[in-house]
Every structure is written in C-alpha cells, then in structure tokens.
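We're numbering straight along the sequence, starting at 1. Both ligands and their constituent atoms are indexed starting at 1 by order of listing.
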Amino acid sequence: MVDTNDEWIQSRTGIKERRILDKDKATSYMAMEAGKKAIKDSGLSSEDIDLIIVTTVTPDMAFPSTACLVQRDLECENAAAFDLEAACSGFIYGLSVAYGYVKAGIYKNILLISADALSKITDFTDRNTCVLFGDGAGAAVISEVKENTGVLSIDIGADGKGADYLTQPAGGSKMPASKETVENRLHYINMEGNGVFKFAVKIMGDASKKVVSESGLELSDIDYLVPHQANIRIINSARKRLKLDKDKVYVNLDKYGNMSSASIPVALDEAVKEGKIKNNDNVILVGFGGGLTWGSCVIKWSK
Ligand code: UT7
C-alpha cells in the first residue's frame, strides 16, 4: 500500500505484527470484552460496579459515550459512565481519576477500560503512521486495597503547546465533516512523528523519576517497568535512564503495535499472567501521547 518494508518497520519501531478490529465492529465491542474479563477477575459482579470510565480517542460515535454503551451491554445497572480522552496516556489519566474517587469515598468499584481502534482512523496511504498502530482494549477494576499497596504515587501532565504534533483534524466542531474534509483525508491521524519521539524520550524518564521520588522509594527499589508501547527505541531509552535491566521491562509491541491507551493495561495484564510481576513488586507504569499528555505511577502489586 505504501513505500515501506519490514526491515525499516522492525528496526525503527520494533513492531512485527498487529491486530485489526473487524470492519463491522466498533471500540465498544473490545471495551466490553475487556471489561467483562476484568469484572470476572475481580470476583465482583456487574451490579457491584458503580462507575465505568472508558478512555479512548476512537469512541463508537461522538455521543453517547462509549462508556454508556458498555454500561448497557455489561448490565452494570448501578454504574455512572463517562469517557475520558487523553490519547495514549488515557489509562494513567483514568487511573488517577478512579484513584481519587475511591480515596474520597465517592465510588467503591470503578471499571476502568482503555480501548482504541486506531485502524478506524489510520490513513493506509500515509507511511508515517500506517505502520504503527494496532487495535486493542485492556481493563481493570479499581477498588480500595490494603494500606501501602496499590497506587503509591501517581502523576499526570500536559503540554498543549505540542497539540499539533498528533491530531485528527476534522470531524469536530472546528472542521465538521464535509465532502471537502473527506476528500482531503482530514479524518485520519496526522502525526509529526519525530517531534513526538523527542518529547517521548525525555518525558518517559522524567515522569518515571518524579513518581518514584513521590512514592518515597529509590530507583533501586523498582522491580518492573510497564511502559507505553509505541516504539522500542523510546522504551530502551527510558529503561537506560532508569538503569533497569532488559528483563525488568515489559515489551509486547512486537505483537500488537501501538494500541494507544490500551497498551499499558494489556502489557500489565500479560506481565502479571506471565509471572513477571509478583506480589509486592514495585512497578512503574508510564505513558505519553497526543495532547501532548503524559502520566506515570508507582504501584505496589498485590492481589
Ligand atoms: O503513542 C504516541 C503516538 N506516536 C508515537 O509514539 C510516535 C513516536 N515517533 C516514532 O516512533 C518515530 O518518530 C517514527 C517511527 C514514527 C519515525 O521514526 P524516525 O526515526 O523518527 O523517522 P523520521 O520521521 O525522522 O523519518 C526518517 C525517514 C524519512 O525519510 P527521509 O526524509 O529521511 O528521506 C521518512 O520519510 O524515514 C522515512 N519513513 C519511512 N520509510 C520507510 C517514515 N516512515 C517510513 C516507513 N517506511 N513506514
């Protein structure tokens, strides 16, 4: 479809395979499947969920929220529901909101789902973006845990000066859908990859160090890193800045590509299921994305 090759893609990004959502399915389908598994895993039932947050840049439609569609499909009758948009940083943003609600005693069991179907807004004639993104969803139930476990520190940030680096220009109130916007391919992702790359290399290390310091731990206390899966070169540079060995960092972007906000929860789930993260491990989750946005946290894993 474009002038590219496997060697370029693997050496510049680390990506080998991706998953693409069926044409007749939408983000809510993946969100619901992930949400269902998370509720089952938590030992709770649908009625116990009192809030659903879906983080996504590819909602089924502008409104109603994808979270409301999931609430209906999972029969979470007691849950409020809303979407949150922070691009690839969505899961950490969502976690910070859920954590705040639980801590304040406002909600008890929050279903946090990060789901993105970027294939639906990818321009497969643009080699700068079409080799990078894949579709997926990850979910977690956020509830109160024992003191000194779970989230030890969490931080989110934004720099709107970099808003133009990563956009879907048309389809909103600035440029409503029209024949011209479609003809000019303005409903697809537009990215200045190198600008995002430079920002990512700096912020992944800075944001991780900040939450480690706020958690009261030292870098040497960190057992594992689960970074946003965008590019292996970005992950390796963060790993080096944090002085972590290769086997302390989870990488699955070779299988899935960049799944936007879904990448961190999917990686966390796989790392736990593969036994790479164990009880009482101190784990950094860190991500960056359009906005520009970023988010990081330290969790003490306990289940
Ligand atoms: O989750 C947040 C979303 N975004 C990101 O994470 C993106 C972060 N950025 C990146 O991962 C990297 O910037 C890319 C993988 C997108 C690009 O890698 P790069 O090393 O920054 O390459 P570049 O943009 O500086 O481009 C280098 C060359 C250019 O050719 P010229 O101008 O030097 O002749 C590009 O046109 O590579 C060319 N190029 C390609 N060549 C083959 C760009 N894309 C491709 C491609 N195949 N798919």
Side-chain angles (χ1 to χ4, degrees), residues 1-19 55-58 84-94 114-138 156-169 188-208 225-239 250-268 285-296:
M1 288 181 261
V2 290
D3 179 17
T4 188
N5 58 73
D6 192 45
E7 202 281 323
W8 191 97
I9 298 170
Q10 287 203 35
S11 63
R12 294 287 185 118
T13 71
I15 297 165
K16 294 184 181 150
E17 299 173 25
R18 293 174 290 163
R19 270 66 190 158
T55 77
T56 186
V57 291
T58 54
L84 185 159
E85 199 272 273
C88 304
S89 312
F91 185 74
I92 310 284
Y93 265 67
S114 294
D116 273 303
L118 289 187
S119 69
K120 303 278 188 181
I121 57 166
T122 294
D123 182 352
F124 283 93
T125 67
D126 175 12
R127 72 173 182 177
N128 291 305
T129 53
C130 76
V131 299
L132 302 173
F133 301 110
D135 301 336
I156 57 175
D159 179 5
K161 290 194 291 300
D164 291 339
Y165 280 141
L166 200 41
T167 60
Q168 182 189 16
Y188 292 122
I189 299 168
N190 187 284
M191 185 174 77
E192 208 279 86
N194 207 254
V196 180
F197 187 91
K198 285 182 191 145
F199 156 74
V201 162
K202 178 161 165 32
I203 206 67
M204 292 285 272
D206 290 355
S208 300
L225 172 69
V226 179
H228 173 44
Q229 309 281 317
N231 187 313
I232 191 67
R233 293 183 291 144
I234 297 172
I235 294 175
N236 282 339
S237 112
R239 177 176 72 72
Y250 199 74
V251 175
N252 63 5
L253 92 161
D254 52 323
K255 287 190 288 182
Y256 307 124
N258 181 347
M259 297 188 292
S260 190
S261 70
S263 88
I264 291 178
V266 169
L268 176 61
L285 311 180
V286 61
F288 65 92
L292 297 164
T293 54
W294 63 89
S296 53

For I232, give me all partners under side chain to side chain contact (heavy atoms under 4.5 Å, CB included), at least two apart in sequence or on another chain.
N236, V251, L253
Tell me, yes or no, whether the heavy-atom count around F199 atom CZ, taken from other residues, nucleotides or ligands under 6.0 Å, exceeds 12.
yes
Below 4.5 Å, heavy atoms only, C-beta onward: do R18 and Y256 meet side chain to side chain?
no
Over all heavy atoms of both residues, which pair between Q229 and N252 is shortest? Give the atoms and the distance, please.
OE1-N, 2.9 Å
Can you tell me the protein heavy atom closest to atom 5 (C) of ligand 1 and the distance?
V196 CG1, 3.8 Å
Which is it for T13 and ligand 1 at heavy atoms under 4.0 Å: side chain, backbone, both or neither?
side chain
Counting from 1 in the order shown, the ligand 1 atoms closer than 4.0 Å to a non-hydrogen atom of L166 are 3 (C)
Taking only heavy atoms of N128 into account, list the atoms of ligand 1 that are under 4.0 Å away from them.
43 (C), 44 (N)
Tell me the protein heavy atom at minimum distance from atom 14 (C) of ligand 1, and give that distance in Å.
N231 ND2, 4.4 Å
Taking atom 9 (N) of ligand 1 as the reference point, the nearest protein heavy atom with its distance:
G193 O, 3.1 Å
Could you identify the single nearest non-hydrogen protein atom to atom 47 (N) of ligand 1 and state the distance to 0.1 Å?
T4 OG1, 2.6 Å
Of T129, T122, D123, which is the lone residue that meets side chain to side chain donor-acceptor pair (under 3.5 Å) with T125?
D123
Please report whether atom 29 (C) of ligand 1 has a protein non-hydrogen atom at a separation of less than 4.0 Å.
no
Heavy-atom contacts with C88 under 4.0 Å: which atoms of ligand 1 show up? List them by number with element.
1 (O), 2 (C)
Under 3.5 Å: donor-acceptor pair, side chain of R127, backbone of D3:
yes
T13 and N231: side chain donor to acceptor below 3.5 Å:
no
Closest approach of any protein heavy atom to atom 38 (C) of ligand 1, naming residue and atom:
R127 NH2, 3.7 Å
Distance filter under 4.0 Å to V131 heavy atoms, resulting ligand 1 atoms:
48 (N)
Contacting atoms of ligand 1, where contact means under 4.0 angstrom from a heavy atom of R233:
18 (O), 19 (P), 20 (O)
Tell me, which protein residue and heavy-atom name are nearest atom 37 (O) of ligand 1, and how many Å apart are they?
W8 CZ2, 3.4 Å
Scan the protein's non-hydrogen atoms and note whether one is under 4.0 Å from atom 32 (O) of ligand 1.
no
What's the shortest distance from atom 25 (O) of ligand 1 to any protein heavy atom, and which residue and atom give it?
N194 ND2, 3.4 Å
Counting heavy atoms only, name the option from L118, L132, N258 that's nearest to atom 16 (C) of ligand 1.
L132
Ligand 1 atoms in contact with F288 (distance to a heavy atom under 4.0 Å):
2 (C), 6 (O)
No-hydrogen, no-angle side-chain donor-acceptor test under 3.5 Å, T55 and S261
yes
Nearest option to atom 6 (O) of ligand 1, as decided by whichever heavy atom of A230, S261, C130 sits closest
A230
Which atom names give the shortest non-hydrogen contact between A262 and G136, and what distance separates them?
CB-O, 3.3 Å
Partners passing side-chain hydrogen bond (donor to acceptor under 3.5 Å, both in side chains) against Y250 (at least two apart in sequence or in another chain)
E270, E274
I'd like to check atom 1 (O) of ligand 1 in this structure: does the protein have a heavy atom lying under 4.0 Å from it?
yes
Please check if the side chain of S296 supplies one atom and the backbone of A207 the other of a donor-acceptor pair under 3.5 Å.
yes
For A137, is there any backbone N or O sitting under 3.5 Å from a side-chain donor or acceptor partner on D116?
no
Nearest to atom 19 (P) of ligand 1 by heavy atom, E192, H228, R12, M191: which?
R12
